Amino acid sequence: MHRRFIAPGALAAASLLLAIPASAASVSPGAPGIGDPYYPDYGNGGYDVSHYDLRLKYRPADDRLEGTATLLARTTQELNRFNLDFLLDVSEVRVNGVKAAFRTTGEHELEITPGKTLAKNTPVTVVVRYAGVPSSEQAYGFTSWLRTPDGGVAANEPEAAWWWFPSNDHPLDKATYDVSVQVPDGTQAISNGTLQSAVSRAGWTRYNWRSNKPQASYLATLAVGRFDLTTGTTESGIPVVNAYSKDLGDHAGAARASIERTGEIADWLTGYFGPYPYNALGGYVPNTTTGYALETQTRPFYSPRQFANGSNTSVVVHEIAHQWYGNLVSVAGWKDIWINEGFARYSQWLWSEHEGEGTARELADYAYASRPAGDPFWKVRPGDPGPDNQFHSAVYDRGALALQALREDIGDEDFFTLLKGWPKRYAHGNATVADFRRYAEEVSGRPLAALFDTWLYQPSKPGAPAAAEASLGTAKAPEQPRSWKKIAATNDVHAH
């Protein structure tokens with residue numbers, strides 16, 4: 001609470017300040033941003049959410065969404081006001097059962113003033129009733145709600161929640177989710193986790209999904225439309241639910257041929273990353289005009305265009321790898337995006353090796369040689385690329401090159417110990433690039449600051465000595481590995 005007191009003299013000012021109770025002086029509103037320098041207004045301060053209960057009704061014909069969101073949280077400071085990130089029209093807010101005042105501010109802020117101050121470190125229940133047409137809402141000039149011929153989809157990074165539920169929208173505040181969606185009969189609602197029930201009554205069907213492990217808000221997804229569903233179980237016993245829009249046209253076969261291998265790919269990745277961290281798995285392909293894919297937790301989103309040139313298991317590898325690198329261990333700040341994308345791209349290189357289409361070293365050698373030193377690609381620093389370059393191809397390819405350089409430096413035994421140990425060390429939490437470097441030094445017993453600086457932070461192509469140490473660079477231009485084009489086709493996997 002910031003106030004300026006004007007008094008004729010110092011004594012009067014001091015008397016006025018002494019009249020304010022100490023407890024009142026410590027009360028303040030929660031910050032309208034969680035503190036991420038890339039996105040200063042994303043997330044909020046003053047509380048931490050543990051669970052979202054979303055009870056929704058959606059009409060595909062007019063894109064009308066009605067909802068009641070119940071948030072279970074705990075205060076991290078004494079609060080007289082706090083924010084949620086949200087865009088739709090709110091009719092009522094209750095805090096601990098009592099109506100609270102609210103208003104909208106900024107691009108996407110719902111500012112809530114409870115009837116009385118909330119003490120620090122106490123549980124709080126927030127209920128928000130709302131309605132609106134998500135596709136009609138924009139923030140910063142764009143929308144993350146994807147309208148489809150038969151419904152709508154919420155899937156985007158780094159923001160998607162604002163269009164369908166109020167949240168503390170930053171990976172630092174993970175929570176569990178119950179998502180209950182009522183849609184017209186003949187239409188399905190797809191979300192994260194396991195389907196608890198689907199009950200029809202009076203022309204409507206309510207789908208109840210549960211995601212029982214901590215999940216970042218941008219990884220929560222909702223897709224409503226007409227889908228063909230397939231179900232199965234992985235060799236390790238994880239239930240798989242995949243969903244394909246009924247009007248994918250020529251892309252339908254290639255999409256299924258790729259995504260139906262999700263269970264096989266997840267089982268294969270456990271050999272590198274350790275046990276699969278969730279109790280559900282799958283993927284979905286709605287009929288969108290987008291070109292990207294997204295690692296929405298347990299059930300990645302894929303655009304039909306990912307399969308325009310035929311099946312592509314490489315993009316499935318990328319998104320399933322994120323379930324460990326990005327979802328299980330999430331970024332502490334968006335500048336740490338390499339933790340997500342460098343590892344997902346390197347997983348594609350490992351899959352290429354598995355499929356006999358080019359080893360990780362051959363792919364790294366080709367990635368290094370195919371771009372001259374003057375290419376702007378090398379000016380992007382994967383360890384801190386800036387918000388404008390967060391999904392630049394350098395974060396992917398140069399990020400994977402950094403991992404190959406690390407592998408050559410510390411050897412395969414320590415490298416693969418590191419890949420499996422990292423998700424276990426930071427499971428269901430957040431970490432930075434610096435955390436990863438320290439952990440790599442702990443596992444290998446080697447100083448690695450110079451290697452990380454060269455490959456992740458210098459705005460230039462690593463020179464001949466660094467390349468030689470990473471076994472990159474040859475006397476003649478390397479041949480293009482067979483998998484290169486398939487992997488390159490996923491370069492826009494998050495370009496949106």
Side-chain angles (χ1 to χ4, degrees), residues 272-273 318 321 324-325 329 335-353 358-385 389 392-422 431-475 477-478 480-481 483-484 487-488 491:
Y272 292 102
F273 300 154
H318 186 104
W324 287 266
Y325 282 84
V329 182
K335 71 181 181 66
D336 301 305
I337 191 65
W338 173 73
I339 288 175
N340 296 14
E341 304 305 343
F343 293 83
R345 174 51 50 89
Y346 197 76
S347 298
Q348 293 175 273
W349 290 7
L350 293 173
W351 179 253
S352 169
E353 196 166 300
T359 66
R361 179 179 288 179
E362 289 168 343
L363 284 157
D365 199 47
Y366 187 81
Y368 178 83
S370 62
R371 294 180 175 93
D375 193 311
F377 170 91
W378 297 107
K379 293 189 178 297
V380 176
R381 303 176 304 146
D384 188 359
N389 289 317
H392 192 281
S393 60
V395 176
Y396 296 72
D397 281 347
R398 188 175 174 183
L401 279 170
L403 287 170
Q404 183 64 27
L406 176 64
R407 179 180 176 179
E408 296 289 346
D409 188 275
I410 67 176
D412 276 8
E413 183 177 352
D414 283 346
F415 180 75
F416 290 113
T417 297
L418 178 64
L419 286 191
K420 191 171 289 188
W422 171 260
T432 66
V433 175
D435 290 329
F436 184 84
R437 176 180 63 80
R438 285 189 288 269
Y439 184 63
E441 290 175 334
E442 176 188 324
V443 170
S444 67
R446 297 173 62 88
L448 297 169
L451 183 147
F452 274 73
D453 182 63
T454 297
W455 291 96
L456 292 181
Y457 292 103
Q458 290 302 313
S460 57
K461 184 175 183 176
E469 288 177 6
S471 299
L472 301 174
T474 58
Q480 185 183 92
S483 62
W484 181 260
I487 296 172
N491 278 348

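Small disclaimer: the values here were computed from a predicted structure and weren't measured.
If you take OH on Tyr272 and OH on Tyr325, they are separated by 12.5 Å, rounding to the nearest 0.5 Å. The OH atom of Tyr396 lies 9.5 Å from the CD atom of Gln348; values are rounded to the nearest 0.5 Å. Annotation: the span from Leu403 atom CG to Leu350 atom CG amounts to 9.5 Å, rounded to 0.5 Å. The CH2 atom of Trp324 sits 12.0 Å away from atom CG of Leu419, with the distance rounded to the nearest 0.5 Å.
Asp336 is linked by a side chain to side chain contact (heavy atoms under 4.5 Å, CB included) to Val331, Ala332, Ile339, Thr432, Val433, counting only residues two or more places apart in sequence or in another chain. Partners of Arg361 by side-chain hydrogen bond (donor to acceptor under 3.5 Å, both in side chains), not counting sequence neighbours, listed by chain and number: Glu408. The side-chain hydrogen bond (donor to acceptor under 3.5 Å, both in side chains) search around Trp351 returns Thr313, not counting sequence neighbours. Remark: Ser483 engages Ser352, Glu357, Leu363, Pro481, Ile487 in a side chain to side chain contact (heavy atoms under 4.5 Å, CB included) (not counting sequence neighbours). With sequence neighbours excluded, the residues satisfying side chain to side chain contact (heavy atoms under 4.5 Å, CB included) with Phe377 are Arg371, Asp375, His392, Ser393, Ala394, Asp397, Arg398. Remark: Arg437 engages Glu441 in a salt bridge (charged side-chain N to carboxylate O under 4.0 Å, His left out) (not counting sequence neighbours).
When all heavy atoms of Phe273 and Ala321 are compared, the pair lying nearest together is CE1-CB, 4.0 Å. In terms of heavy atoms, Trp378 sits closest to Ala373 at CD1-O, 4.0 Å. Here the shortest heavy-atom pairing between Leu406 and Phe452 reads CD1-CE1, 4.2 Å. Taking each heavy atom of Ala405 and Leu451 in turn, the nearest pair found is O-CD1, 3.7 Å. Nearest heavy atom pair, residue Gln404 against residue Ala360, reads OE1-CB, 3.8 Å. Here the closest heavy-atom approach between residue Pro385 and residue Pro382 is recorded as CD-O, 3.5 Å.
Trp338 has its ring centre less than 6.0 Å from the ring centre of Phe436.
Remark: Lys461 NZ is packed, more than 12 non-hydrogen atoms of other residues, nucleotides or ligands lying under 6.0 Å away.
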Donor-acceptor contacts, no H, no angles, side chain residues 410-418, under 3.5 Å, sequence neighbours left out:
{"unit_1": "Asp412", "atom_1": "OD1", "unit_2": "Arg407", "atom_2": "NE", "d": "2.8"}
{"unit_1": "Asp412", "atom_1": "OD2", "unit_2": "Arg407", "atom_2": "NH2", "d": "3.3"}
{"unit_1": "Thr417", "atom_1": "OG1", "unit_2": "Glu413", "atom_2": "O", "d": "2.7"}

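The shortest side-chain heavy-atom distance between Glu362 and Tyr366 does not fall under the 4.5 Å cut-off.
Among residues at least two apart or in separate chains, side-chain hydrogen bond (donor to acceptor under 3.5 Å, both in side chains) pairs with a member in residues 445-455 are Asp409-Arg446, Asp453-Gln458.
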